[in-house]
Protein chains: 2
Amino acid sequence: MAQAQILSKNQQIVLDIIEKAKGPLKAYSILFNVQKKGINAPQQIYRALDKLIEMGKIHKIESKNAFVACRNSNCEISKATAFSICESCEMVDEIIDVKLSKYLSSFSDKKGTKYKRFNLEFFGLCKKCK
Amino acid sequence: MAQAQILSKNQQIVLDIIEKAKGPLKAYSILFNVQKKGINAPQQIYRALDKLIEMGKIHKIESKNAFVACRNSNCEISKATAFSICESCEMVDEIIDVKLSKYLSSFSDKKGTKYKRFNLEFFGLCKKCK
DNA sequence: ATAACAAACGTTATATTATAACATTATATG
DNA sequence: CATATAATGTTATAATATAACGTTTGTTAT
């Protein structure tokens, strides 16, 4: 049985910050925010980020080098991620859409190759900025 | 009338290198490869890259911070990109699939928002590596 | 042809993002 | 308990990207 994930101290600190944030956070901005908690070096942040990504607790927004909390029930969906990104205010929303996810997960290219993971980033203007 | 794009000297140098390459190229690797041609500074590379991206001549592979030539007829498709990325050999292929492209271009989220641009990256093993 | 503007260039410096390497401490697991 | 694995702390450095400034080249409108 896969037991409930227990996070290490640093992992928990980093996850807390990301979950509390309104938008995507950058690694060094996380670092500056946790120096009071005794985390002093980028390595400590990046190591926590790596593990949290592995666990599916957070995602990296590749086009922004920034990190957001997963709001998709921590399931295996980290292999199938989609985001909407506002080009004006930089807001990021995770898109949870079963049809889209199924469509892409079952996509096979012209050679018939299937893929085990994908990441999709949509760009546009969010409601507020429109 | 939109006249045929004429590239500047540096833009042409950078594009040539990217088009000749078998795989995605990183900015600094481009830089090292063109120093004999009198390009000495990262700025010169990044400026050329930015313009080439605007023109749709190349694309950035966000998950790799690397650049590939567009093989999709330089059309407006740079607003709708999809790639397959081999997790073993790092090979990248642009996916040209009208159905996929239409599906995603017309995608609207739960709030009915449509997006004017997207980028999709699939990960798996290429034929060779399987 | 030339004035005026925009685009591209060259250069130096620096900011930002990420990893290497190594010694130590904490936590599982047999 | 022994020992293996994961996490930590730390210093240093690599890799990626942009700021800022002055000059040169190319375009366009007169």
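Letters go in sequence order (proteins before strands), and every chain restarts at 1.
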*Asks:* Please check this pair: side chain of A/K20 against backbone of A/L15, looking for a donor-acceptor N/O pair closer than 3.5 Å.
*Replies:*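 Judged by distance alone, no pair lies under 3.5 Å.
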*Asks:* Specify the separation, in whole Å, of atom CG of B/L25 and atom C1' of D/dA15.
*Replies:*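 That distance rounds to 16 Å.
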*Asks:* Nearest whole Å is fine: how far is D/dG9 C1' from A/K37 NZ?
*Replies:* 18 Å
*Asks:* Taking the side chain as every heavy atom from C-beta outward, state whether A/S63 and A/I85 have any pair of such atoms under 4.5 Å apart.
*Replies:*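 When only atoms from C-beta onward are counted, A/I85 and A/S63 do touch, with a gap below 4.5 Å.
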*Asks:* Examine distances only and state if a side-chain atom of B/Q11 and a backbone atom of B/S8 form a donor-acceptor pair shorter than 3.5 Å.
*Replies:*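 Checked: pair present.
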*Asks:* Looking at A/I18 and A/A69, what are the two nearest heavy atoms and their distance?
*Replies:* CG2-N, 3.3 Å
*Asks:* Cluster question for you: counting only ILVMFWY and a side-chain heavy-atom cut-off of under 4.5 Å, with indirect links fine, are A/Y115 and B/Y103 together?
*Replies:*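 They do share one cluster, since a chain of ILVMFWY contacts under 4.5 Å joins A/Y115 to B/Y103.
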*Asks:* Return yes if some donor-acceptor pair links the side-chain N/O of A/R71 with the main-chain N/O of A/E94 below 3.5 Å, else return no.
*Replies:*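 Yes, because the side chain of A/R71 sits within donor-acceptor range (under 3.5 Å) of the backbone of A/E94.
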*Asks:* Over how many whole Å does the gap from A/I45 atom CD1 to D/dT8 atom C1' extend?
*Replies:*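 Checked: the CD1 to C1' distance equals 12 Å.
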*Asks:* How close or far is atom C1' of C/dT19 from atom CG of A/L31, stated in whole angstroms?
*Replies:* 15 Å
*Asks:* Under 3.5 Å between N/O atoms: give me all the protein pairs with nucleotides 7-17 of chain C, atom names plus distance.
*Replies:*
unit_1, atom_1, unit_2, atom_2, d
C/dA8, OP2, B/K51, NZ, 3.3
C/dA8, O3', B/S8, OG, 3.2
C/dC9, OP1, B/S8, OG, 2.8
C/dC9, OP1, B/K9, N, 3.4
C/dC9, OP1, B/N10, N, 2.9
C/dC9, OP2, B/S8, OG, 3.4
C/dG10, OP1, B/K9, NZ, 3.3
C/dG10, OP2, B/N10, ND2, 2.9
C/dG10, OP2, B/Q44, NE2, 2.5
C/dG10, O5', B/Q44, NE2, 3.3
C/dG10, N7, B/R47, NH2, 2.4
C/dG10, O6, B/R47, NH1, 3.0
C/dG10, O6, B/R47, NH2, 3.4
C/dT11, OP2, B/N40, ND2, 2.9
C/dT17, OP1, A/K26, NZ, 2.5

